[in-house]
Chemist: 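Here it is, the structure, as structure tokens.
FYI, side chains are in, hydrogens and waters are out, and symmetry mates aren't considered; it's all heavy atoms of this structure.
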Amino acid sequence: MRKIVKLLKSHLHSDFDLPMYATVAVFLAAFITLNYSISLENGIIDRYFGKPIRVLWYFLLYSGTYFSVTLIVFTFKGSFHHFRSPRYWLITLFGLLILAVNVGFPYLSQISHAIAPGGGQIYRWTFGVVNNLINFFIEAIPMFAMAWFFEKKRENFGINTRNVDLKPYWQILMVVFPLVVIASFESGFSNYYPVYRRYEITQANNATGLPPWLFALGFEIAYGSDFFNIEFLFRGLLVIGVSQVIGKEAILPMVGTYCALHFGKPIGECVSSVFGGYILGVVAFYTRNIWGGVIVHVGLAWMMEIVAFIHRNI
């Protein structure tokens, strides 16, 4: 824990600029307010569910957020020369594109129907699992390939094993757990979690003969695995990869896009993603690996699922 605090203090000492941070904060606050006022993601973009145009809308959302924050940072830092780097554009546009394809992927229903053609609860459960597992093929595999062929320093966008010390991240989870329990009493949390509730197979509607807990376990494993893809993209490619070109100025634009990724979730979680994304971004920048972030992200996701399950059954 002290190691992470030390990294944050060191980074803030070298990077903190009150006008710049305040401008980014105002921009994100306005964007968050806009989203939850007009339901930008859930009400507007997601009306195109199952249509390829949804990918374009998500690309505009994520790239607009990313480059808006980038313009703020470059203005205060005087770093517009980074825009002349082909490598910068290659990495950022590649990352934003696969993110948009992943979130807006239009063929989930067709793939799920091919696996579970009978419909009903089995189809819904299959859809939930496919929705999480397919992200590995859309995001992680292309990033593995790009890291192998284009990474300069063999950091592989943070999936190397250098400077890996997981102890502080387990301590973070211990600190965060009581906060998750407190948050679980908020209506937005209880309405959203557990995520498995949308895909649940109960004993009453189970025609397979398999125990319902097995379906729950399968879904939660798929659900947890997707957070590796998120860390690989946001802290790996958009921080470690982009920082090879622009240094620590890669962190705040990533935070802005990470915030936009949470627009469909409860507003408290969206706001907290700004702080969580910043901390994980700083740690990834200095340690040059993503494994601590993976531990925190997967652990936090499963904690929220478990706490929500307990709430439902007491």
Chemist: Check whether any side-chain N or O of D17 sits under 3.5 Å from a backbone N or O of M20 as a donor-acceptor pair, and report yes or no.
Modeler: yes
Chemist: Should the ring pair F263 and Y36 be called parallel, tilted or perpendicular, given that the plane angle runs from 0 to 90° and is split at 30 and 60?
Modeler: perpendicular
Chemist: Does the S184 side chain pair with the main chain of V181, one donor and one acceptor, at a distance under 3.5 Å?
Modeler: yes
Chemist: Does the separation of the ring centres of Y196 and Y223 fall below 6.0 angstrom?
Modeler: no
Chemist: Any donor and acceptor pair, going by atom type alone, linking the side chain of D226 with main-chain N or O of L133 inside 3.5 Å?
Modeler: no
Chemist: Checking the side chain of R235 only, and the main-chain atoms of V282 only, is there a donor and an acceptor separated by less than 3.5 Å?
Modeler: no
Chemist: Using only atom types and a distance under 3.5 Å, with no angle test, would you say the side chain of W302 pairs donor to acceptor with the backbone of E220?
Modeler: yes
Chemist: Name the orientation class of the two ring planes belonging to Y21 and F16 (parallel below 30°, tilted from 30 to 60°, perpendicular beyond 60°).
Modeler: tilted
Chemist: Measuring from atom NE2 of H297 to atom CZ of F228, what distance do you get when rounded to the nearest 0.5 angstrom?
Modeler: 13.0 Å
Chemist: Y199 and F215: aromatic ring centres closer than 6.0 Å?
Modeler: no
Chemist: With no hydrogens and no angle check, is any side-chain donor or acceptor of S10 less than 3.5 Å from a backbone partner on K6?
Modeler: no
Chemist: Do any N or O atoms from the side chain of S243 and from the backbone of G247 form a donor-acceptor pair under 3.5 angstrom?
Modeler: no
Chemist: List the atom of N289, the atom of I240, and the distance in Å for their closest heavy-atom pair.
Modeler: N-CD1, 3.7 Å
Chemist: Would you say the side chain of T257 lies within less than 4.5 Å of the side chain of F234, judging by non-hydrogen atoms?
Modeler: yes
Chemist: With a 3.5 Å distance limit and no angle check, can you tell me whether N131 reaches the backbone of F127 through a side-chain donor-acceptor pair?
Modeler: no
Chemist: Does any non-hydrogen side-chain atom of D46 lie less than 4.5 Å from one of W57?
Modeler: no
Chemist: Centres of the F67 and W89 rings: under 6.0 Å?
Modeler: yes
Chemist: Out of the candidates F149, F137, F232, F157, only one should pair with F144 under the ring pair (Phe, Tyr, Trp, His ring centres under 6.0 Å) rule; please name it.
Modeler: F232
Chemist: Taking all non-hydrogen atoms of both residues, which atom of G256 and which atom of V69 are closest, and how far apart?
Modeler: CA-CG2, 4.3 Å
Chemist: List the atom of A260, the atom of T65, and the distance in Å for their closest heavy-atom pair.
Modeler: CB-OG1, 3.9 Å
Chemist: List the atom of W291, the atom of V164, and the distance in Å for their closest heavy-atom pair.
Modeler: CD1-CG2, 3.9 Å
Chemist: Going from CD1 on I267 to OG on S273, what distance comes out if it is rounded to the nearest 0.5 angstrom?
Modeler: 11.0 Å
Chemist: Answer yes or no on whether R198 is positioned over the face of Y192, meaning its NZ or CZ is under 6.0 Å from the six-membered ring centre and within 45° of the axis.
Modeler: yes
Chemist: Mind listing the closest non-hydrogen atom pair of G224 and V298 along with its distance?
Modeler: O-CG2, 3.4 Å
Chemist: Judged by atom type as modelled, is there a donor-acceptor pair below 3.5 Å linking the side chain of S85 to the main-chain atoms of H82?
Modeler: no
Chemist: Would you say that more than 12 heavy atoms from the other residues, nucleotides or ligands in this model lie under 6.0 Å from the NE2 of H81, or not?
Modeler: yes
Chemist: Quick one, F83 with F74, criterion ring-ring contact (aromatic ring centres under 6.0 Å, His included). Give me CA distance, side-chain angles, the key distance, then yes/no.
Modeler: CA-CA 10 Å; F83 283 142; F74 283 5; 5.0 Å; yes
Chemist: Give a yes or no on whether the ring-centroid distance for Y62 and Y66 is below 6.0 angstrom.
Modeler: no
Chemist: Just verifying a value: how many Å separate I134 CD1 and N229 CG, rounded to the nearest 0.5 Å?
Modeler: 11.5 Å
Chemist: If you round to the nearest 0.5 Å, how far is CD of E41 from CG of N35?
Modeler: 6.5 Å
Chemist: Do we see a donor-acceptor contact under 3.5 Å between the side chains of E139 and N102?
Modeler: yes
Chemist: Output the distance between atom CD1 (I141) and atom CG (N135), rounded to the nearest 0.5 Å.
Modeler: 11.5 Å
Chemist: Could you give the distance from NE2 (H262) to SG (C270), rounded to the nearest 0.5 Å?
Modeler: 7.5 Å
Chemist: Answer yes or no: is there a side-chain heavy-atom contact under 4.5 Å between R124 and Q121?
Modeler: yes
Chemist: Can you find a heavy atom in the side chain of I72 that is under 4.5 Å from one in the side chain of L252?
Modeler: no
Chemist: For K51, check salt bridge (charged side-chain N to carboxylate O under 4.0 Å, His left out) against everything at least two apart and list the hits.
Modeler: none
Chemist: Is there a donor-acceptor contact under 3.5 Å from the side chain of W170 to the main chain of V296?
Modeler: no
Chemist: Run the side-chain contact (heavy atoms from CB on, under 4.5 Å) test on N132 and F219 for me, step by step, so that the C-alpha distance in whole Å, both residues' side-chain angles and the decisive distance to 0.1 Å come before the verdict.
Modeler: CA-CA 9 Å; N132 286 288; F219 174 84; 3.8 Å; yes
Chemist: For atom CZ of F49, decide whether the heavy atoms of other residues, nucleotides or ligands shown that lie under 6.0 angstrom number more than 12.
Modeler: yes
Chemist: As a test of understanding, state which of H311, E305, E269 forms a side-chain hydrogen bond (donor to acceptor under 3.5 Å, both in side chains) with Y193.
Modeler: E269
Chemist: Under 4.5 Å between any side-chain heavy atoms of F105 and I111, yes or no?
Modeler: yes
Chemist: For A308 versus F189, what's the shortest heavy-atom pair and its separation?
Modeler: CB-CE2, 4.1 Å
